[in-house]
Amino acid sequence: MIWVKASEMVFGHQGVRAGESGDPEGRELTELPFLRGLLAEAERIWQDRARTALREGPSGDPVGRWNVTSEAALEMVSAHARLQAADAFLAAAARAEDPRVGFLMRSLCRLFLLRQLGEHTGDLLAEGRLTPDHVRPCRRPSTRLSGSSLPIS
């Protein structure tokens, strides 16, 4: 099934376009929309790589072309699945009736997104989607978030 999704996404899926997530200057790694946009950018990066590999693969050899594409295609599908999980998490947080529950869910979603983005920081930095100031203290936001307290109402 994952191979079917990979081929669908290589050939027809439209993810974010380059630069759509906005300028990273002044953005914080605790902003959920920024983090979500970064994961969408990671998906786009891997989709571009998969499409490039497919175009540049050995001509006249469909299996060979797919073989050189498969690594990037699987990374793209992985980023896509993680993005869908984050979206479901955010939707559940938005439906939370208790503000404390919503706060906790958004905090957990931040941790989830930070964890998922860890392996893509080099690519996102190279593409101009992160700044060196975002990458240097990469572990600190998750430490701050895990130690944050609940708002008392």
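When a residue number appears, it is its place in the shown sequence, counting from 1. As the structure is a computational prediction, the values presented were derived from the model and not from experiment.
Here the closest non-hydrogen pair linking Val68 and Gly57 is CG2-CA, 3.8 Å. Smallest separation of non-hydrogen atoms from Leu39 and Arg82: CD2-C, 3.8 Å. Between Ser70 and Asn67, the shortest heavy-atom contact is OG-O, 3.1 Å. Summarising the geometry of Leu125 relative to Pro132, their closest heavy-atom pair is CD1-N, 3.6 Å, with the distance given to 0.1 Å. Contact record, Pro24 with Gly128: CG-O, 3.2 Å, taken as the closest heavy-atom pair.
Atoms OG and CE, from Ser107 and Met105 in turn, are 11.0 Å apart once rounded to the nearest 0.5 Å. Distance check, rounded to the nearest 0.5 Å: CZ of Arg55 to OG1 of Thr69 gives 10.0 Å. Between the CD atom in Gln47 and the OG1 atom in Thr52 there is a gap of 10.0 Å [rounded to 0.5 Å]. Here the CG atom belonging to Leu38 is positioned 11.0 Å from the CZ atom belonging to Arg36, to the nearest 0.5 angstrom. Distance check, rounded to the nearest 0.5 Å: SG of Cys109 to CD of Gln116 gives 10.0 Å. With rounding to the nearest 0.5 angstrom, the CG atom of Leu29 is 8.5 Å from the CG atom of Leu117.
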Glu119/Glu75 under side-chain contact (heavy atoms from CB on, under 4.5 Å): CA gap, chis, key distance, verdict: CA-CA 11 Å; Glu119 65 193 62; Glu75 284 293 330; 3.7 Å; yes
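Two residues are said to be in side-chain contact when any heavy atoms from C-beta on lie closer than 4.5 Å; Arg110 and Leu35 meet this criterion. Contact check for Phe34 versus Leu113: no side-chain heavy atoms found under the 4.5 Å cut-off. Side-chain contact between Trp46 and His120: present, with at least one pair of heavy atoms (C-beta onward) separated by less than 4.5 Å. With a 4.5 Å cut-off on side-chain heavy atoms, Asp123 and Arg49 count as touching. Between His134 and Arg27 there is a side-chain heavy-atom pair separated by less than 4.5 Å.
Although no hydrogens or angles enter the test, the distance criterion places a donor-acceptor pair under 3.5 Å between the side chain of Arg106 and the main chain of Gly102.
With respect to the salt-bridge test (charged N to carboxylate O, under 4.0 angstrom), the residues Arg44 and Asp48 qualify.
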